[in-house]
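This report refers to the structure that appears directly beneath it.
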There are 2 protein chains.
Amino acid sequence: MPYYQGVVRRVYGQYCGFARALELVGERWALMVVRDLMAGGPKRFRDLLRGLPGIPTNILAARLKEMQAAGIVRRRRLSRPNVVVYELTETGAALEASVMELGRWGAKLLGAPRRNEIITVDSLITALRSTFQPKAAKGVTIAYELSVGDITLHARIVRGRITVKPGPLPDADLSIQTGPAIRELLAGEVAPRDAVAKGLVAIRGNRKLLDLFAALFKI
Amino acid sequence: MPYYQGVVRRVYGQYCGFARALELVGERWALMVVRDLMAGGPKRFRDLLRGLPGIPTNILAARLKEMQAAGIVRRRRLSRPNVVVYELTETGAALEASVMELGRWGAKLLGAPRRNEIITVDSLITALRSTFQPKAAKGVTIAYELSVGDITLHARIVRGRITVKPGPLPDADLSIQTGPAIRELLAGEVAPRDAVAKGLVAIRGNRKLLDLFAALFKI
DNA sequence: CCGGATCCTCGGTGATACTG
DNA sequence: CAGTATCACCGAGGATCCGG
């Protein structure tokens with residue numbers, strides 16, 4: 001008898017890895033929670049709520065319980081400060097390739113922002129990581145600070161390997177300020193030079209590093 | 001009939017490629033339909049129903065409409081025979097990497113079959129394709145016929161490139177008959193030799209080709 | 001404040017019957 | 001065969017409440 005019996009109610013009735021994956025993380029909001037835990041590390045209940053506008057508290061609690069039972073998420077109580085955090089288990093972290101791949105697929109269909117759509121740190125972290133082009137980054141070492149609206153994050157690339165984290169990075173090689181136009185830039189719909197000329201993107205640093213940025217991250 | 005049927009109403013409120021992906025294919029059954037269209041090519045409504053045990057007809061109809069509206073699925077009327085088939089558009093086919101990756105993730109958690117769980121051709125095709133090891137297949141050319149229960153399919157590998165199709169292949173290099181134990185074999189939980197010895201797997205052909213099979217496909 | 005639990009409403013899902 | 005129609009039910013969404 002599977003360990004998650006009794007937790008998952010919606011099943012697909014197929015003995016199939018793909019079907020099992022959907023049973024475990026296919027419910028509404030589940031993969032969004034995984035994405036945020038993946039992008040920003042351990043998070044408190046309240047932080048997850050903030051990053052997922054519109055999710056009801058009972059649904060978040062339910063998803064967290066289900067994913068704990070499935071061994072995807074771990075609930076941990078920190079001693080100092082005395083708070084509860086949720087984090088991905090190794091099994092949960094193994095969803096990374098799937099999340100990145102789905103993110104790439106969706107990014108191509110993104111189009112212009114709808115009304116009331118917001119941008120969160122974790123979604124941006126995921127976006128940068130999923131659009132990162134390892135081939136173009138061979139041997140590259142550089143640090144970018146990126147601000148989209150009032151969200152700031154930074155990416156460090158060290159010899160072709162990338163890490164993306166929330167927050168500013170004052171000593172970045174290039175600091176980029178932009179808005180939803182970040183999509184056009186990553187999609188190559190506007191050249192970096194034009195983006196700056198049109199005021200879609202503002203930078204602090206060498207503009208050639210913006211060209212590199214557009215080569216390193218591509219939808 | 002409400003005219004808005006087919007429009008996505010459950011949104012996530014984030015300007016994010018990953019969120020958009022879930023809005024388009026995150027609803028229940030949607031990716032299962034994609035999987036079957038991906039594995040078996042254009043399909044009739046009835047064929048989709050057969051491959052997805054338990055899906056209500058109205059839900060299948062709704063998903064197909066939604067995915068047509070999203071440009072993921074195309075409805076086409078064949079002239080001879082005069083039937084309607086559904087197929088993936090290029091956008092839909094681009095979900096392949098995501099489906100394979102999720103399938104790999106889920107396969108690791110599959111465990112033993114639950115009661116009443118069935119095995120379908122399309123799930124097996126997906127399983128073989130997602131567990132295929134290109135590195136192990138470098139330069140390999142071989143044809144396998146695989147029967148799991150009463151489902152038969154075949155895989156052709158030509159110079160390391162694989163195609164998997166439903167149905168028998170009488171002139172295959174090796175013909176394999178097995179059951180749910182296929183998972184243990186692909187997971188390496190039982191050695192090919194032992195699988196045959198224990199009667200979990202029966203073969204027609206050279207047993208060394210079964211060793212190769214276990215090397216070519218791995219969970 | 002935080003981490004939920006509870007209650008209520010609404011709409012989607014699932015099951016089935018039905019029609020062109 | 002290819003869906004549509006109907007309806008019971010349950011999970012999502014939204015608000016509020018409560019113990020720590």
Side-chain angles (χ1 to χ4, degrees), chain A residues 6-14 22-33 36-37 42-69 73-87 116, chain B residues 1-14 19 22-33 36-37 42-69 73-87 116:
Chain A
V7 175
V8 177
R9 296 161 180 170
R10 301 283 255 261
V11 295
Y12 284 109
Q14 297 196 6
L22 292 187
E23 289 174 358
L24 293 174
V25 294
E27 304 253 320
R28 184 157 167 75
W29 291 110
L31 278 178
M32 292 291 283
V33 173
D36 279 15
L37 292 178
K43 274 193 157 52
R44 305 180 60 171
F45 192 90
R46 176 66 38 170
D47 297 329
L48 286 167
L49 277 182
R50 263 192 286 270
L52 302 172
I55 190 174
T57 60
N58 56 345
I59 297 298
L60 177 56
R63 291 294 166 273
L64 286 171
K65 273 185 187 163
E66 291 159 10
M67 291 198 287
Q68 282 174 73
V73 164
R74 179 168 37 237
R75 183 185 199 269
R76 196 150 55 96
R77 180 177 292 279
L78 300 183
S79 49
R80 210 176 59 79
N82 186 8
V83 294
V84 172
V85 294
Y86 295 89
E87 62 190 0
N116 300 331
Chain B
M1 176 183 48
Y3 73 92
Y4 50 80
Q5 189 173 0
V7 178
V8 177
R9 290 136 105 190
R10 297 283 253 262
V11 295
Y12 284 108
Q14 298 197 5
L22 291 187
E23 289 174 358
L24 293 174
V25 295
E27 305 253 319
R28 184 157 165 77
W29 291 108
L31 278 178
M32 293 291 284
V33 173
D36 280 16
L37 292 178
K43 275 193 157 54
R44 305 178 60 171
F45 191 89
R46 172 64 38 164
D47 297 328
L48 286 167
L49 278 182
R50 262 193 287 270
L52 302 171
I55 190 174
T57 59
N58 57 344
I59 297 298
L60 177 55
R63 291 294 167 274
L64 286 171
K65 274 185 186 163
E66 291 159 11
M67 291 198 286
Q68 283 173 72
V73 164
R74 180 167 37 236
R75 184 185 196 269
R76 197 152 55 96
R77 178 177 294 277
L78 301 183
S79 49
R80 213 174 54 79
N82 185 8
V83 295
V84 172
V85 294
Y86 296 91
E87 61 189 359
N116 300 331

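For clarity, every value in this text was computed on a predicted model and none was experimentally measured. Chain identifiers are assigned alphabetically (A, B, ...) following the order of the sequence lines, protein sequences preceding nucleic acid strands; residue numbering begins at 1 within each chain.
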Once you round it to whole Å, what is the distance between [atom2] of [N] and [atom1] of [X]?
X: B:Met32; N: C:dT13; atom1: CE; atom2: P; result: 15 Å
X: A:Leu60; N: C:dG4; atom1: CG; atom2: P; result: 9 Å
X: B:Lys43; N: D:dC1; atom1: NZ; atom2: P; result: 15 Å
X: A:Leu64; N: C:dC2; atom1: CG; atom2: C1'; result: 14 Å
X: A:Glu27; N: C:dT13; atom1: CD; atom2: P; result: 11 Å
X: B:Arg10; N: D:dG14; atom1: CZ; atom2: C1'; result: 13 Å
X: B:Ile59; N: D:dT6; atom1: CD1; atom2: C1'; result: 13 Å
X: B:Asn58; N: D:dG3; atom1: CG; atom2: P; result: 13 Å

side-chain N/O B:Lys65 vs D:dT4 OP1/OP2, d < 4.0 Å: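 For D:dT4, OP1 or OP2 has a side-chain N or O of B:Lys65 closer than 4.0 Å.
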
N or O in side chain of A:Trp29 less than 4.0 angstrom from D:dG11 OP1/OP2: no

Within 45° cone and under 6.0 Å: A:Arg75 NZ/CZ vs A:Phe45 ring: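 Judged by the rule (NZ or CZ under 6.0 Å from the ring centre, within 45° of its axis), A:Arg75 is not positioned above A:Phe45.
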
Contact list for DNA chain C against residues 45-55 of chain A - heavy-atom distance below 4.0 Å: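 Close to the strand are A:Phe45, A:Arg46.
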
Side chain of [X] only, please: which of [options] is the nearest?
X: A:Ala61; options: C:dT13, C:dA5, D:dG14; result: C:dA5
X: A:Arg44; options: D:dT4, C:dG3, D:dG14; result: C:dG3
X: B:Thr57; options: D:dT4, C:dT13, C:dA15; result: D:dT4
X: A:Tyr86; options: C:dT13, C:dG3, D:dA2; result: C:dG3

Distance in Å, A:Leu64 CG paired with A:Lys43 NZ, rounded so as to fall on 0.5 Å steps: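 Atom-to-atom, A:Leu64:CG and A:Lys43:NZ are 12.5 Å apart.
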
Separation of B:Leu60 CG from B:Lys65 NZ (nearest 0.5 Å):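 CG of B:Leu60 is found 11.0 Å from NZ of B:Lys65.
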
Minimal non-hydrogen separation, B:Gly51 against B:Pro53, with atom names: O-CD, 3.4 Å

Sugar-phosphate only, base, or nothing, as touched by B:Arg75 at under 4.0 Å among non-hydrogen atoms: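 Sugar-phosphate, no base atom in range.
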
Any donor-acceptor pair under 3.5 Å from A:Arg28 side chain to B:Gly26 backbone: no

Any donor-acceptor pair under 3.5 Å from A:Tyr12 side chain to B:Trp29 backbone: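 Side chain of A:Tyr12 to backbone of B:Trp29: a pair is present.
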
A:Asn82 CG: over 12 foreign heavy atoms closer than 6.0 Å: yes

